[in-house]
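Atoms considered below: every heavy atom in the structure, side chains included; atoms not considered: hydrogens, waters and symmetry mates.
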Amino acid sequence: MASVNRNGNANQPLLQEPVADGDRDGGDHEDEEKTSLSMRVWAETRKLWHIIGPAIFGRVAQYTMMIVTQAFAGHLGEVELAAMSIGINVIIGFNYGLLLGMASALETLCGQAFGAKRYRMLGIYLQRSWIVLFLCCFLLLPFYIFAAPLLKILGQQDDVAEMTGKVALWLIPLHFSFAFQFPLWRFLQSQLKNQVLAWVSLASLAINVLTSWLSVYVFDFGVVGLSVSFDISWWFLVLALFAYTACGRCSLTWTGFSMEAFSGLWEFIKLSAASGVMLCLENWYYRILILMPGYLENATVAVDALSICMSINAWEMMIPLSFFAAAGVRVANELGAGNGRAAKFATVVSVVQSIIIGCFFCALIMVLHDKFAYIFTSSVDVLEEVDKLSYLLAITILFNSVQPVLSGVAVGSGWQAYVAYINLGCYYVIGLPLGFLMGWVFNLGVMGIWGGMIVGGTAVQTLILAIITVRCDWEKEAEKAKVRVAKWSTPTLEDDEAAAR
């Protein structure tokens with residue numbers, strides 16, 4: 001046996017260990033004693049891209065639904081476009097980040113339970129997440145119900161505020177769909193059932209395009225019709241994923257509804273809240289970045305230019321966010337299986353590959369710095385401002401090729417509460433004040449705001465997460481995962497037999 005090597009003694013040769021039948025499943029580590037480094041990298045790459053490929057496809061499809069809805073609203077009029085844009089990007093966006101983050105608790109629990117072969121618990125965790133997120137949706141309803149007066153208080157024009165309030169009320173069904181869709185996505189992803197996520201997202205996009213076209217050009221339903229179309233598309237996503245789950249495709253992990261889901265809710269709420277805070281602090285940070293230039297001189301040009309850069313960044317972010325998901329699943333699966341070294345190796349491979357892709361897009365932005373804005377505008381002033389900001393966009397893309405992957409590792413390891421404090425300090429104690437200082441005090445405008453927020457927030461956060469990851473004792477994390485799985489599980493005879501295998 002290779003007990004010396006498991007304790008991290010690099011001076012001892014790697015000895016052969018027998019491989020259990022279950023270790024041949026996806027998510028378990030390869031027999032490192034028999035393979036070269038290149039073969040190990042290739043094997044890990046295949047496992048990662050089995051998750052990353054469908055995740056990119058699904059995320060792009062869902063993001064495109066938002067773009068399609070706003071594009072159809074633009075054909076109705078400027079007020080309708082503004083109302084739909086605010087409804088989707090501000091009201092939904094504010095709540096989306098919190099609910100998405102809360103659902104990421106399942107990436108830790110389901111991923112580690114799947115690695116430990118406690119399959120039945122994945123269905124219990126899914127139901128607990130539904131309960132917690134559904135209740136949270138009710139707490140967030142005031143943002144939809146009182147959208148119009150809130151926007152007026154913030155200085156929005158009356159006609160836009162009233163129209164946005166109308167849109168927000170019709171988007172409440174969409175809001176509640178998040179409580180079910182986000183957990184389902186992570187439940188399936190943690191057990192490597194990724195193809196269905198991509199195909200269902202594509203079907204949902206097709207439904208969104210069709211129903212939006214019918215609403216605007218056939219039935220003339222206006223923004224109400226577009227809102228309902230958006231609701232239908234997202235609820236189709238929920239129902240299709242649940243049908244796949246409940247109709248025998250997840251026979252090991254879904255055994256039906258259980259009253260057991262109502263036990264241990266308080267502990268689940270605390271983990272979900274930590275996950276939600278971790279992700280939403282970052283999500284809100286970049287939304288604040290878009291709002292801050294609105295108080296500068298010549299604010300229209302600054303906001304337009306920054307919005308273009310953020311749109312490009314959002315499209316490219318689908319790739320790092322997919323690495324976020326893949327790193328979380330791979331690390332959680334390996335830690336749950338007790339394979340600390342395999343979790344470390346998965347971390348290294350995912351970070352390196354994401355950086356390579358980030359360098360490519362960074363270089364592409366640098367080369368096309370004075371051209372890519374033509375996709376969005378022909379205004380000379382905006383084009384010039386985008387040209388100036390393009391270098392900051394390239395730097396942001398480069399940092400975003402590292403930071404989401406490290407956040408995914410944190411989620412897979414169960415460090416959400418710890419990282420939430422890091423995000424709070426980096427983004428809101430350092431980043432925002434530094435952005436304000438450089439933007440207004442030093443009169444550097446939007447470049448100062450964005451530059452300060454990159455250096456003070458994203459760069460510092462990335463550095464701290466990198467240090468934590470490098471210094472991590474992965475064997476100790478595997479032991480923690482074992483304790484966590486035992487704490488959160490109520491094992492059955494079937495679970496014990498599966499774990500033994």
Side-chain angles (χ1 to χ4, degrees), residues 25-27 50-51 53-66 68-69 92 96 99-100 102-107 109-111 113-114 118-137 171-212 214 227-262 272 322 325 329 494:
D25 296 336
H50 181 66
I51 304 169
I56 293 174
F57 192 88
R59 287 177 182 276
V60 169
Q62 291 182 22
Y63 185 78
T64 303
M65 281 196 285
M66 300 182 183
V68 166
T69 302
I92 288 179
Y96 181 99
L99 294 171
L100 184 66
M102 292 182 69
S104 73
L106 288 185
E107 294 185 71
L109 297 175
C110 286
F114 187 76
R118 298 290 186 184
Y119 299 126
R120 188 183 66 87
M121 290 308 301
L122 273 74
I124 303 299
Y125 296 150
L126 173 65
Q127 294 171 60
R128 286 178 185 168
S129 188
W130 282 343
I131 294 168
V132 171
L133 266 68
F134 185 69
L135 294 175
C136 185
C137 282
L171 289 177
I172 288 176
L174 169 69
H175 170 65
F176 278 94
S177 75
F178 295 157
F180 301 95
Q181 190 261 328
F182 292 160
L184 275 167
W185 189 283
R186 276 139 193 82
F187 167 80
L188 293 168
Q189 190 169 255
S190 66
Q191 48 192 305
L192 308 180
K193 296 183 181 295
N194 303 290
Q195 297 297 328
V196 64
L197 301 175
W199 288 113
V200 169
S201 296
L202 179 62
S204 184
L205 174 60
I207 290 172
N208 179 246
V209 173
L210 176 61
T211 54
S212 296
L214 290 172
S227 301
V228 173
S229 298
F230 209 26
D231 296 336
I232 291 171
S233 304
W234 279 83
W235 272 103
F236 170 82
L237 202 61
V238 172
L239 296 175
L241 293 180
F242 179 71
Y244 178 90
T245 298
C247 294
R249 304 299 295 181
C250 301
S251 57
L252 287 176
T253 55
W254 176 262
T255 56
F257 292 101
S258 171
M259 291 300 294
E260 191 178 343
F262 290 93
S272 296
S322 299
V329 170
E494 292 80 1

side-chain contact (heavy atoms from CB on, under 4.5 Å) between Phe230 and Met66, intermediate numbers included: CA-CA 8 Å; Phe230 209 26; Met66 300 182 183; 3.7 Å; yes
Nearest heavy-atom neighbours spanning Thr245 and Leu184: OG1-CD2, 3.8 Å
Backbone of Tyr244 reached by a side-chain donor or acceptor of Lys193 within 3.5 Å: no
Point-to-point distance, once rounded to the nearest 0.5 Å, from CD1 of Ile207 to CG of Leu210: 8.5 Å
Validation row: Ile124, Ser258 side chains within 4.5 angstrom (heavy atoms): yes
For Arg59 against Ser322, the heavy-atom pair lying closest together: CD-OG, 3.7 Å
Smallest separation among heavy atoms of Arg128 and Glu260, with atom names: NH2-O, 3.4 Å
Atom pair CG/CG of Asp231 and Asn208 - distance to nearest 0.5 Å: 10.5 Å
Test item: Phe182 and Tyr96 side chains (from C-beta on) under 4.5 Å apart, heavy atoms: yes
Side-chain heavy-atom pair Gln127, Trp254 within 4.5 angstrom cut-off: yes
Under 3.5 Å: donor-acceptor pair, side chain of Ser129, backbone of Tyr125: no
CG-CD distance between Asn194 and Gln191, expressed to the nearest 0.5 angstrom: 9.5 Å
Interatomic distance, His50 atom NE2 to Leu192 atom CG [nearest 0.5 angstrom]: 5.5 Å
Minimum heavy-atom distance Phe236-Val200, with the two atoms named: CE2-O, 4.0 Å
Minimum-distance pair of heavy atoms, taken over all atoms of Pro54 and Gln195: CG-NE2, 3.8 Å
Rounded distance [0.5 Å steps], CZ in Phe178 versus CG in Leu237: 10.0 Å
Check: Leu188 and Cys250 side chains under 4.5 Å, non-hydrogen atoms: yes
Flag side-chain contact, heavy atom, 4.5 Å: Ile92 against His175: no
Minimum side-chain heavy-atom gap Cys137-Leu99 below 4.5 Å: yes
Minimum side-chain heavy-atom gap Leu197-Trp185 below 4.5 Å: yes
Ring centroid separation Phe176 to Trp235 under 6.0 Å: no
Side-chain donor or acceptor of Ser204 paired with backbone N/O of Ser233 under 3.5 Å: yes
Considering all heavy atoms, the nearest Leu133-Ala103 contact: CD2-CB, 4.0 Å
Note, Trp130 side chain near Phe187 side chain (heavy atom, < 4.5 Å): no
Pairwise distance CG(Leu205) to CD(Gln62) - rounded to 0.5 angstrom: 10.0 Å
Trp199, CH2 atom: more than 12 neighbouring heavy atoms under 6.0 Å: no
Option from Leu239, Val238, Leu100 for which side chain to side chain contact (heavy atoms under 4.5 Å, CB included) with Gln181 holds: Val238
